[in-house]
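Ligands are counted one by one from 1 in listed order, and the atoms in each one are counted from 1 as well.
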Amino acid sequence: PDGAHVAALVIGTGYGGSVAALRLARAGVDVHMIEMGMSWDTAGPDGRIFANTTRPDHRSFWLRTRTKQPLSGFLGFPLDKDVPRYTGILDAEEFGGITVYQGRGVGGGSLVNGGMAVTPRRENFPAVLPSVDADEMYDVYYPRANAALGVGVVDQGWWESAACYQYARVGRKHAERSGFPFVMVPGVYDWDYLEQEAAGTVPASALAGEVLFGNNHGKKSLPKTYLARAAATGRVFVSPLHKVTSVAPAGGGAYTVVMEQLNTGGDVTAVKAVTADKVFFAAGSVGTGKLLTRLKATGVLPGLNGEIGRGWGDNGNVMCGRANHMWDPTGTLQASMPTAGIDNWRAGGAFAEVAPLPTGIETYASFYLSITRNPHRAAFSWDAAAGKVVLDWQTSWKQPSIDAARTIFDRINAKEGTIYRTDLFGAYKIWGDHLTYHPLGGAVLNRATDNYGRLHGHPGLYVIDGSLIPGNTSVNPFVTITALAERNIEKIIATDL
Ligand code: FDA
């Protein structure tokens, strides 16, 4: 409520925020979490909480009147359509040179993501987080994060013959025929549930193509893991549909946190202020990066240093499709949860997840989301005239990512005598180079903060999300975001409380 005082306030309920809330609560601290999105715990008129990927409705997108699908078309048919404006689950946030997809709701990105739970190869870790002790991460915090997230692997024997992973086996065949290492990748989907879906004994979710707009079953998203355990402590209170707009020094070492309450049409229905002894920024790379950039530029948090807003990267994301021969069908039924990837990081700077294209028809297409080594880093800055934060990412900065992805797919195409699909991202466009699913950076560890996420210049303010990671993790990022948050919160609880 307006005027309340809380011990610890967490902005955002994604991976970083959920780790902070659970660990603080277990240490005896009362925690208030503020989340701009909905709580996603109530079924809609169709009896389901979440909309299907192939049938987007008002629940699908954050405050848009037209969908903005990552794939713009298919075989010449445009995919986007009008929808009622609503505080939906997937935000396609547009900056000048890139569209950044993010989850909105209690659970953040865990609500919409593919669940691929990948720990970077240890040899790549020093480039991911140079100031962090790798031994500690691989001995303690990665295992802790993987266990708490419920990470597991699909049963290989089942996978080898499951119709819904034919697309992945075709991906393996082509990778191996061209000499690339092919790796099975763990995930947070309940693999036993998936087998039951395939057997037809439970309601389908991954096999109904659900992913981008939420999974009605099967996925161990944060509300089922960290946030459920946090709630069980009795010390964590969550306010959905509340957006933090300001954090300012309140005297006595505390902070005044101002937030807007939203209705499902996105209108502000109330403005509230609370005071907090400790504030954790966990609004995601874009949310935290934007908020801190504005608070510094407008003099609200004058002690923040010049690294605020910097070091932002797209994890080198680039998408592409390949057109297979008629003898390599990828299957009419495709599980929406990826299980495997092509690892050419060492030789070519690309790790390509073999992604589903769950259209319900045979497409003869192989679809990939590549994570690549891309050196470009953007910065957020405050545009006073426009009254908003902008990001200076350039579309042309994807070229190193395209080049890295080509080290895999040009070779596979040459070997197989196949070509790239040109119908997925607009007419005759091969590369999905306009977007990222993996925003990282904006308040980088050991630069904008100390080596544990304490913001410089304002004791009691912390960053604990993907904005700490300087732009690339070499694989899908949420396990690393979670493990880093586990490491940092342990230190903060031991020394600052
Ligand atoms: P995260 O974005 O999860 O949470 C931030 C929360 O803060 C959000 O809920 C947001 O609404 C809220 N917020 C923002 N500003 C606020 C404000 N001012 N006030 C209140 N609340 C605010 N990763 C991976 O490892 N494997 C995968 O398979 C995938 N797949 C994938 C698919 C798609 C479609 C997307 C969009 C993303 C992925 N990802 C992924 C990426 C992964 O989901 C992402 O890296 C993490 O969710 C980031 O975690 P954070 O804790 O940093 O923020």
Practice item. Could you pull out all residues at least two apart from Asp57 that satisfy salt bridge (Lys or Arg N to Asp or Glu O under 4.0 Å)? Key: Arg59
Check your understanding: Hey, are Arg64 and Asp91 close enough for a salt bridge, meaning a charged N less than 4.0 Å from a carboxylate O?
Key -> no
Practice item. State, without any angle test, whether Tyr437 and Gln102 hold a side-chain donor-acceptor pair at a distance under 3.5 Å. Key: no
Revision key, fill the gap. Residues pairing under side chain to side chain donor-acceptor pair (under 3.5 Å) where one sits in residues 439-449, two or more places apart or in two chains, turn out to be none
Pairs under 3.5 angstrom, nitrogen or oxygen on both sides, ligand 1 versus protein: list them out, please.
| from | atom 1 | to | atom 2 | distance (Å) |
| --- | --- | --- | --- | --- |
| ligand 1 | 3 (O) | Gly109 | N | 2.9 |
| ligand 1 | 9 (O) | Glu35 | OE1 | 2.7 |
| ligand 1 | 9 (O) | Glu35 | OE2 | 3.1 |
| ligand 1 | 9 (O) | Gly105 | O | 3.3 |
| ligand 1 | 11 (O) | Glu35 | OE2 | 2.7 |
| ligand 1 | 11 (O) | Arg104 | NH1 | 3.2 |
| ligand 1 | 18 (N) | Val244 | O | 3.1 |
| ligand 1 | 19 (N) | Val244 | N | 2.9 |
| ligand 1 | 21 (N) | Met36 | N | 3.1 |
| ligand 1 | 25 (O) | Met116 | O | 3.3 |
| ligand 1 | 25 (O) | Pro477 | N | 3.2 |
| ligand 1 | 25 (O) | Phe478 | N | 2.8 |
| ligand 1 | 26 (N) | Met116 | O | 2.8 |
| ligand 1 | 28 (O) | Gly114 | N | 3.4 |
| ligand 1 | 28 (O) | Gly115 | N | 3.3 |
| ligand 1 | 28 (O) | Met116 | N | 2.9 |
| ligand 1 | 30 (N) | Gly114 | N | 3.1 |
| ligand 1 | 43 (O) | Asn113 | ND2 | 3.1 |
| ligand 1 | 51 (O) | Tyr15 | N | 3.0 |
| ligand 1 | 51 (O) | Gly16 | N | 3.0 |
| ligand 1 | 52 (O) | Gly466 | N | 2.8 |

**Study point:** Pair Asp465, Ser285: side-chain N/O donor-acceptor within cut-off below 3.5 Å
**Key:** no
Review point. In chain order, what residues pass the ring pair (Phe, Tyr, Trp, His ring centres under 6.0 Å) check against Tyr226, with sequence neighbours excluded?
Key: none
